[in-house]
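Notes follow the structure.
Here, residue 1 is the first one in the sequence, and each next residue gets the next number. Side chains included, hydrogens not; waters and symmetry mates left out as well; all remaining heavy atoms used.
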Amino acid sequence: MNALVIDPINWIDVGAVTDVPLRGARRVPTPKGDVAVFRTGDNQLYALLDRCPHKDGPLSQGIIHGRAVTCPLHAWNIDLATGEPMGADAGKGCTPVVPLEVRDGRILLGQV
């Protein structure tokens with residue numbers, strides 16, 4: 001997915017909702033680091049910086065389950081809505097959440 005600026009102040013169009021498969025993710029490069037856009041099984045969309053707070057693992061390559069993603073490096077579960085680790089790893093860091101909006105079937109990210 002290539003970023004196309006549609007509003008230089010607030011939002012960047014990064015593709016169609018259908019570009020992200022159910023229970024899947026897509027990586028979007030930005031000047032301040034990659035962003036992972038996730039689509040859950042119930043069709044909810046979330047965006048986080050694409051790095052686990054533990055060892056910077058690529059969350060876009062993790063497994064999406066419910067409203068969480070499991071980091072592929074060390075199996076930390078990250079809440080997609082908050083970027084916070086879950087379970088035994090709670091409180092050990094946070095992955096920044098990126099503002100996301102859907103307009104007319106397009107995914108818009110707030111500038112990172």
Side-chain angles (χ1 to χ4, degrees):
M1 297 188 328
N2 292 324
L4 170 71
V5 176
I6 62 166
D7 178 346
I9 296 173
N10 294 315
W11 299 99
I12 299 172
D13 182 326
V14 296
V17 169
T18 55
D19 290 341
V20 183
L22 287 174
R23 289 179 292 289
R26 289 292 180 263
R27 185 181 53 81
V28 178
T30 75
K32 294 187 179 177
D34 292 341
V35 172
V37 176
F38 301 94
R39 187 171 170 205
T40 64
D42 63 353
N43 207 32
Q44 299 298 307
L45 290 159
Y46 298 92
L48 300 171
L49 287 188
D50 192 20
R51 60 178 185 253
C52 178
H54 176 225
K55 297 268 184 178
D56 292 333
L59 294 176
S60 61
Q61 296 176 27
I63 295 171
I64 291 95
H65 47 95
R67 295 197 178 175
V69 61
T70 299
C71 178
L73 295 185
H74 300 102
W76 278 34
N77 292 312
I78 307 298
D79 184 299
L80 294 173
T82 66
E84 294 282 340
M86 301 164 64
D89 300 312
K92 295 181 181 176
C94 183
T95 299
V97 174
V98 177
L100 181 146
E101 187 172 309
V102 175
R103 291 186 203 158
D104 299 320
R106 304 292 298 175
I107 300 168
L108 306 176
L109 294 181
Q111 291 187 5
V112 178

Would you check, one step at a time, whether the test side-chain contact (heavy atoms from CB on, under 4.5 Å) holds for Arg106 with Val102?
-> CA-CA 5 Å; Arg106 304 292 298 175; Val102 175; over 6 Å; no
Main-chain N/O of Ala75 paired with Thr70 side-chain donor or acceptor, under 3.5 Å | no
Backbone of Ser60 reached by a side-chain donor or acceptor of Asp50 within 3.5 Å = yes
Just verifying a value: how many Å separate [X] [atom1] and [Y] [atom2], rounded to the nearest 0.5 Å?
X	Y	atom1	atom2	result
Leu73	Gln61	CG	CD	8.0 Å
Leu22	Asp42	CG	CG	9.0 Å
Arg51	Thr95	CZ	OG1	7.5 Å
Asp13	Arg103	CG	CZ	9.5 Å
Phe38	Ile78	CZ	CD1	9.0 Å

4.5 Å side-chain heavy-atom contact, [X] and [Y]:
X	Y	value
Pro53	Asp89	no
Leu49	Lys32	no
Trp76	Lys55	no

Restricting to non-hydrogen atoms, name the atom on [X] and the atom on [Y] that form the minimum distance, rounded to 0.1 Å.
X	Y	answer
Arg23	Gly41	NH1-CA, 3.2 Å
Arg39	Asn43	NE-OD1, 2.6 Å
Val20	Arg26	CG2-CG, 3.8 Å
Cys71	Gly57	SG-CA, 3.9 Å

Determine the interplanar angle of the His74 and His54 rings, folded into 0 to 90°, and report it as parallel if under 30°, tilted if 30 to 60°, perpendicular if over 60°.
-> perpendicular
Flag yes if Val97 and Val28 sit in one hydrophobic cluster, no otherwise; membership is Ile, Leu, Val, Met, Phe, Trp, Tyr, and two members link when side-chain heavy atoms are under 4.5 Å apart.
-> no
May I ask whether Ile12 and Leu45 are part of the same hydrophobic cluster, defined by side-chain heavy atoms of I, L, V, M, F, W, Y residues being less than 4.5 angstrom apart, directly or through others?
-> yes
Which residue, Leu108, Val35, Leu48, Leu109, forms the side chain to side chain contact (heavy atoms under 4.5 Å, CB included) with Leu100?
-> Leu109
